[in-house]
Amino acid sequence: MVEQQRRPVILIVEDEESYQDALSIGLSVEGFVVVGATNIAEARELLVTAKPDLVLLDVMLPDGSGLDYCRELHDTTRIPIIMVTARTGEVDVILGLEIGATDYVTKPYRLRELVARIRAVLRRPTSISEGEVVNFGDLRIDFIRRTVTRRGHEVELSRKEFDLLALFATRLGQVVTREVCLDTLWWGLELSDTRTLDTHVKRLRQKIEDDPANPRHLLTIRGVGFRLDA
Ligand code: CA
């Protein structure tokens with residue numbers, strides 16, 4: 001799949017000048033086009049005029065809550081959102097509210113960490129495969145609605161399970177390494193702690209395979225990763 005050579009546009013919604021300035025410089029150096037809003041009203045305008053590929057959204061903003069704006073963005077667009085929070089206590093809130101954030105970072109964060117997360121989010125199959133429906137075997141994956149049906153019946157998947165299946169589906173017939181799975185879906189998780197990945201693969205098999213113990217579609221490639229076959 002050939003991607004456009006256009007540099008990704010990042011919209012930073014942040015009222016603290018020190019963060020705005022540092023991020024604008026830092027992310028520009030990393031090859032991103034940066035547009036900045038200091039409040040939600042400005043962000044709404046830039047969303048239309050600058051067409052960002054990703055929104056970096058602060059929680060505490062002068063004209064409202066970043067959490068509410070995140071939900072609004074999630075309901076009205078498909079732009080990935082990284083929430084920025086100043087307190088670790090807010091992370092549970094962000095995750096618990098299911099407001100549609102793709103990822104989050106906690107202040108103070110290092111630029112390298114943020115850039116790695118931005119790249120990981122932009123690489124996600126859901127943003128690449130936007131608009132596609134993939135059919136294989138008795139499965140049908142709708143990337144817009146984020147739904148999976150099997151023999152016409154909807155399969156209930158968690159967000160991570162869908163992301164994982166989508167990752168495999170965009171590389172149908174190819175081996176996807178454990179590293180790629182972890183890097184794409186669980187940024188920052190140590191390679192040595194891959195039980196989470198195995199648990200999700202197991203659950204996916206239970207939902208998409210006739211005989212999960214002897215999978216026909218989602219195969220383990222020992223020592224390397226996984227492969228989804230049609
Ligand atoms: Ca703030």
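Computed from a prediction, not measured in an experiment: that's the story for all the values here. Order of appearance sets the numbers: ligands from 1, and atoms from 1 within every ligand.
Geometry note: the Ca ion (ligand 1) is the vertex, Asp15 OD1 and Met60 O are the arms, and the angle is 90° (rounded to 10 degrees).
Ionic pairing of Arg216 and Glu209 is not present here: no N-O contact between side-chain nitrogen and carboxylate oxygen is shorter than 4.0 angstrom.
Within Asp58, the N/O/S atom positioned nearest the Ca ion (ligand 1) carries the name OD2.
Residue Lys202 qualifies as open at atom NZ: its count of foreign heavy atoms under 6.0 Å is 12 or below.
Here the options are Thr76, Val35, Ile79, the test is side-chain contact (heavy atoms from CB on, under 4.5 Å), and the partner is Leu47; only Ile79 passes.
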Evaluation steps, side-chain contact (heavy atoms from CB on, under 4.5 Å), between Ile221 and Phe226 = CA-CA 5 Å; Ile221 310 301; Phe226 306 95; 5.8 Å; no

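In summary, no N, O or S atom of Glu14 is located under 3.0 Å from the Ca ion (ligand 1). For a distance bound of 3.0 Å, the N, O or S atoms of Glu16 include none lying that close to the Ca ion (ligand 1).
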